Every structure is written in C-alpha cells, then in structure tokens.
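A quick note: this is a predicted structure, and the numbers were derived from the prediction, not measured. Chain letters run A, B, ... following the sequence lines, proteins first, then strands; residues in each count from 1.
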2 protein chains.
Amino acid sequence: MKPSDELVAALEEAGSAQERFEIMYDTLRDRISVSDYPPGTRLSEEALAAEFGVSRSPLRKALKILEADGLLQSVQGVGTIVTDVDLDELTQVYQLRMELNELVGRLSPKHPDETTLALFEDIRKRAEALRSAPDMKIFARLNIDFFHVFVRLTDNQPLVEVSERLFYQTCRIWLKMIPMMDLAEEVAIFAGEIAAITDAVRLGDTEAAGHIRRAHLSMGFARLKGHARRHTL
Amino acid sequence: MKPSDELVAALEEAGSAQERFEIMYDTLRDRISVSDYPPGTRLSEEALAAEFGVSRSPLRKALKILEADGLLQSVQGVGTIVTDVDLDELTQVYQLRMELNELVGRLSPKHPDETTLALFEDIRKRAEALRSAPDMKIFARLNIDFFHVFVRLTDNQPLVEVSERLFYQTCRIWLKMIPMMDLAEEVAIFAGEIAAITDAVRLGDTEAAGHIRRAHLSMGFARLKGHARRHTL
DNA sequence: GTCTTTCTTGTTGTGTACAACATCGCATAA
DNA sequence: TTATGCGATGTTGTACACAACAAGAAAGAC
C-alpha cells in the first residue's frame with residue numbers, strides 16, 4: 001500500500017518476534033478501522049509481506065489473529081477479505097458495549113491522574129477543532145483515540161481488553177453510515193459527549209462518565225438505525 | 001500424547017482448513033482446561049503436529065490463537081508453555097465474569113426450549129451422580145459443560161463469546177486449588193448451584209438464574225481466596 | 001574442587017517451494 | 001448466439017529446510 005519507510009525501519013529495529021507482530025497487527029487493524037481498507041477489500045499476503053519487508057509466515061500470524069477478531073476472513077483460492085459490518089448484526093454488540101461502558105465507571109474505577117486528565121483535554125481540543133472543519137477520516141481517528149483514553153478510567157484490564165475487542169468490531173459502522181447522515185451534526189454531538197465526559201472526569205466522578213458514555217452510545221446507535229431505515233425506504 | 005485414532009480420523013475427514021483448525025483448537029483447549037496439560041507443561045510443536053497427522057504450519061495457527069487467548073505462551077528456543085493461573089491476577093477477571101453472568105439473564109434472555117431444558121436436567125443428574133463419587137477431573141468436565149449449557153440462556157452471541165473467553169482463562173484455577181480444599185464439599189455446593197439454577201430455568205425466570213450464578217461465582221471466589229490465604233500462612 | 005567455556009541438543013521463528021483451490025477469460029462446439 | 005469446457009492466473013493452505021536462540025552437559029583451566 002504505502003512505501004512507509006518508517007514502518008519497515010521500525011520492523012527491522014524490533015528485537016523480538018512479538019514486537020514485530022504487534023507492529024504489523026496494530027498497523028493492519030488501524031488501516032481497517034479508518035477505512036484505508038474498506039469492507040470487501042482483498043488483501044494479498046504476498047504484497048503485504050513485501051511491504052513490511054518480511055516473509056509470509058510472520059505476517060500470517062497477524063492476519064490469523066485479525067481473523068479471530070472478526071475483522072478479516074481468509075478464503076483459500078480467493079484472498080483475505082476485510083469483513084463487512086452490518087447494522088443488524090451489530091445490534092447485540094452494541095447492547096453489550098453499552099453495559100460494558102457502564103462497568104468501566106463502576107468496576108475498579110481509577111481516580112484519573114494528571115496524565116489521563118491531560119489526554120482528555122487534548123481529545124476535547126481536537127474535537128472542538130474538528131467542529132470547525134468536519135472531516136470523516138479525522139472523525140474516525142478521534143473516535144478511536146477517545147476510546148483508548150476513556151478505558152483508562154478503569155483498572156480492570158480484562159474489561160479493557162474485552163471492550164477493545166468489541167470496539168474495533170463496531171467502530172467501522174460509522175464510516176459506512178456517515179455518508180447517509182449529517183457529518184457536521186454528528187461531529188457536534190460527539191464533541192458534546194467528549195466535553196461532558198471530560199467534565200465528569202475532572203470532577204473525579206468516573207461513574208457519571210460511564211453513564212454519559214452509555215447514554216451516547218445508545219443514542220448514537222438509535223440515530224444509525226433511524227438513518228438506515230430512512231435510507232432503505 | 002495420546003494415540004487417539006478417532007482424532008486423526010476426524011482431521012482427515014475434515015474438508016476445509018477451518019474444520020481442521022477447530023478440531024485442533026478445541027482439543028488443545030480442552031486438554032489445557034482439564035489439566036491434561038497442567039500449567040508449566042512444555043508442548044512441542046513438532047510432537048503435536050505428528051500426533052495430529054499434520055505439519056507444523058496449520059498446528060501453529062491453533063497455538064497462536066490459544067496464545068492470544070492467554071492459555072499458552074511461546075518462547076523461541078524454549079518451547080510453548082501452558083500459562084499458570086494466579087489467584088490474584090484472576091481477581092479482575094472474576095469481577096468481570098460476575099457482571100457478565102448477570103447480563104446473561106438480563107440481555108436478550110431466551111425462553112429456554114425443550115432441548116435446553118433437557119441439557120440442564122442432564123447436568124443436574126451428572127452433578128448428583130458426582131456427589132456420590134467425587135472426582136476432580138469429572139468435576140472439571142462438568143464445570144465446563146455446565147458453562148456451555150448456561151450461556152444458552154441468552155441470545156446475545158457476542159456476550160457468549162466474551163464469556164467463553166474469560167471462562168477458559170479462569171476455570172483451571174479450580175484444578176489448582178481443589179487439592180487444598182474439600183472436594184466433596186465443593187461438589188456438593190456445585191450440585192446445589194446447578195439444582196437452583198435448573199429450577200429457575202424451568203420456571204422461565206432467566207434473570208433469577210443469572211443472579212444465582214453471579215452469587216455462586218462470588219462465593220466460590222471468596223472460598224478460593226480464603227483457602228489460598230490459609231494455605232500460605 | 002570449582003568455575004568457565006564450549007559444544008550439543010532441542011525448541012520456536014522465518015523463508016520458500018509447492019499443493020489445493022477459486023475465478024476469470026477465451027476458445028470452441030452446438 | 002449461447003453454453004461449455006479448459007487453461008491461465010492469482011490466491012491461501014501446507015510442508016519442509018534452515019536460522020536464531022536457549023539451556024544443559026561436558027570438557028578444560030585454574
């Protein structure tokens with residue numbers, strides 16, 4: 001895909017096999033999540049291996065894990081295809097994500113340190129900037145980054161891992177649906193959510209942050225469904 | 001490990017690569033979960049591949065996924081080691097599992113059909129039989145089978161998958177701790193839990209079943225912690 | 001005797017060649 | 001024209017050879 005000299009440099013510097021794996025895994029997951037690889041894209045193991053400067057063997061490990069995550073699907077004789085996201089199939093995932101986000105505020109809530117607080121403020125600023133110049137890809141990136149900051153509110157590591165898994169299964173739906181919706185409006189709503197949660201975090205009320213997040217997740221999904229229904233009619 | 005002709009037969013019959021993968025994955029996960037491979041066991045890729053009648057390549061996929069599940073750890077030059085389970089590290093997992101089990105009764109509860117009911121009754125019978133002749137390995141197997149029956153109470157597939165993941169991360173702790181505890185007593189308690197949940201299910205009160213399960217998970221973990229503390233003193 | 005060094009052995013990680021398979025284009029026959 | 005076969009091409013799946021590495025044994029120096 002890209003020339004991306006930094007990437008191959010990082011891969012060469014990496015000492016252990018696990019480091020190399022994580023670089024490839026994170027890179028591929030990110031590309032899928034921001035629609036550099038839209039649903040249906042056919043990836044070639046050989047091409048990817050060449051780009052990363054490795055053989056197919058280590059690359060395949062990353063692809064297999066992403067397949068287990070539900071982001072890819074390998075079919076012999078055809079290729080490795082980026083899975084599609086279907087709103088109906090995602091209903092259950094969203095229901096579960098709602099509950100888990102509430103748990104983030106309730107299970108082992110962590111009093112936010114200075115670093116975390118600074119990260120929230122940074123996200124808030126980026127959201128405000130995005131309001132002035134809405135852009136789909138930047139919106140997607142912000143959504144991902146905000147998720148990672150948000151889960152810092154809990155000390156429960158398994159909860160973080162499970163939430164991350166489900167997040168990456170669903171986050172692409174926005175990139176698919178946004179064209180049918182009002183991007184500026186969604187950005188404004190998202191900025192509002194971030195502001196509200198950041199305020200709650202600054203007050204040290206982690207549980208409130210969880211409830212706000214849950215509420216916005218619920219409303220966001222309702223809007224998605226509404227627009228989908230309106231569009232198919 | 002075993003000769004196990006049925007296994008290699010099933011692997012040869014399997015048409016697709018995914019079928020072969022699932023057979024190997026399930027087999028290995030089961031062996032780890034019932035302590036055929038106790039924590040610390042060093043598995044050899046070559047030996048396993050030979051036993052399964054395949055090459056290292058397809059076997060490695062199963063091992064890599066199990067590593068991502070947290071059940072194995074591969075170290076170059078050393079081997080593939082079955083991970084240990086530590087009670088303290090599992091505290092967070094248990095907290096999350098408690099909440100998730102409650103969700104099973106609350107999120108998309110499914111009115112149990114005849115098949116499910118029969119499965120519950122079967123488990124209850126096996127539990128009663130186990131009370132007459134307590135056995136650690138049968139106890140472990142029953143625990144696993146009961147889990148799979150219990151998650152039939154929800155229609156939320158992502159919840160089932162996440163619960164399964166966490167279950168297999170924790171279930172081995174019983175095999176590690178039981179020697180320090182009273183097996184007969186634990187079996188009796190487990191049989192009581194199963195009877196109570198089966199009754200709730202027969203009444204169609206799925207939410208109650210979830211709460212009972214949550215309560216027993218909590219008490220079970222408390223007993224584990226208590227015995228661990230008593231043992232280290 | 002004890003410590004150090006080197007070698008042997010066994011393991012996972014990686015590269016590569018080939019098998020199995022699906023898909024598309026194209027020629028050919030009806 | 002249309003249907004059919006078939007072959008060329010590109011893909012993932014599998015097998016195998018070797019590299020990289022860790023650990024223990026054995027031999028040698030002191």
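Sorted by first and then second residue, the ring-ring contact (aromatic ring centres under 6.0 Å, His included) pairs with a member in residues 55-102 of chain B read Tyr94(B)-Phe221(B); sequence neighbours excluded. Residue pairs meeting the salt bridge (Lys or Arg N to Asp or Glu O under 4.0 Å) criterion with at least one partner in residues 219-233 of chain A, sequence neighbours excluded, are Asp88(A)-Lys225(A), Glu186(A)-Arg223(A). The side chain to side chain donor-acceptor pair (under 3.5 Å) pairs that include a residue from residues 149-159 of chain B are Thr116(B)-Arg152(B), where partners are two or more places apart or lie in different chains.
Lys64(A) comes within 4.0 angstrom of the backbone, heavy atoms only, and of no base.
In this structure, CZ of Phe52(B) is placed 14 Å from P of dT14(D), rounded to the nearest angstrom. Going from atom CG of Leu48(B) over to atom C1' of dT12(C) covers 13 Å, rounded to whole Å. Put simply, CG on Leu72(A) is 11 Å from P on dG13(D), counting in whole angstrom units. Rounded to an integer number of Å, the gap from Gln18(B) CD to dT12(D) C1' is 13 Å. Atom NZ in Lys61(B) sits about 19 Å away from atom C1' in dG13(C), given to the nearest Å.
When the salt bridge (Lys or Arg N to Asp or Glu O under 4.0 Å) test is applied to Glu45(A), the partners found at least two apart in sequence or on another chain are Arg56(A), Arg60(A). The salt bridge (Lys or Arg N to Asp or Glu O under 4.0 Å) test applied to Asp145(B) returns Arg126(B), not counting sequence neighbours. In this structure Arg29(B) satisfies the side-chain contact (heavy atoms from CB on, under 4.5 Å) test together with Tyr25(B), Asp26(B), Ser33(B), Leu66(B), Leu71(B), Glu164(B), Tyr168(B), sequence neighbours excluded. For Thr27(A), the side-chain contact (heavy atoms from CB on, under 4.5 Å) test picks out Leu7(A), Ile23(A), Arg31(A), Phe52(A), with sequence neighbours left out. With sequence neighbours left out, the salt bridge (Lys or Arg N to Asp or Glu O under 4.0 Å) criterion links Asp84(B) to Lys176(B).
Of the charged side-chain nitrogens involved, at least one lies within less than 4.0 Å of a carboxylate oxygen, so that Glu99(A) and Arg214(A) count as a salt-bridged pair.
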Practice task
For each nucleotide in nucleotides 6-11 of chain D, reading 5' to 3', give B when a protein heavy atom comes within less than 4.0 Å of its base, S when such contact involves only the sugar-phosphate, and - otherwise.
Solution key: ----BB
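Taking a 6.0 Å sphere around CD of Gln18(A), one finds it holds 12 or fewer heavy atoms contributed by other residues, nucleotides or ligands.
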Pull out every protein N or O sitting under 3.5 Å from an N or O of nucleotides 14-16 of chain C, one pair per line with the distance.
{"from": "dT14(C)", "atom 1": "OP1", "to": "Arg20(A)", "atom 2": "NE", "distance (Å)": "3.1"}
{"from": "dT14(C)", "atom 1": "OP1", "to": "Arg20(A)", "atom 2": "NH2", "distance (Å)": "2.9"}
{"from": "dG15(C)", "atom 1": "OP2", "to": "Ser55(A)", "atom 2": "N", "distance (Å)": "2.6"}
{"from": "dG15(C)", "atom 1": "N7", "to": "Ser57(A)", "atom 2": "OG", "distance (Å)": "2.5"}

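Rounded to 10 degrees, the angle separating the terminal axes of the helix from dG1(C)-dC30(D) to dA30(C)-dT1(D) is 10°, with each axis obtained from five end pairs.
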Acceptor/donor pairs from residues 136-143 of chain B side chains to any protein atom, 3.5 angstrom cut, sequence neighbours excluded:
{"from": "Lys137(B)", "atom 1": "NZ", "to": "Asp36(B)", "atom 2": "OD1", "distance (Å)": "3.2"}
{"from": "Arg141(B)", "atom 1": "NH2", "to": "Asp30(B)", "atom 2": "OD1", "distance (Å)": "2.9"}
{"from": "Arg141(B)", "atom 1": "NH2", "to": "Asp30(B)", "atom 2": "OD2", "distance (Å)": "2.7"}

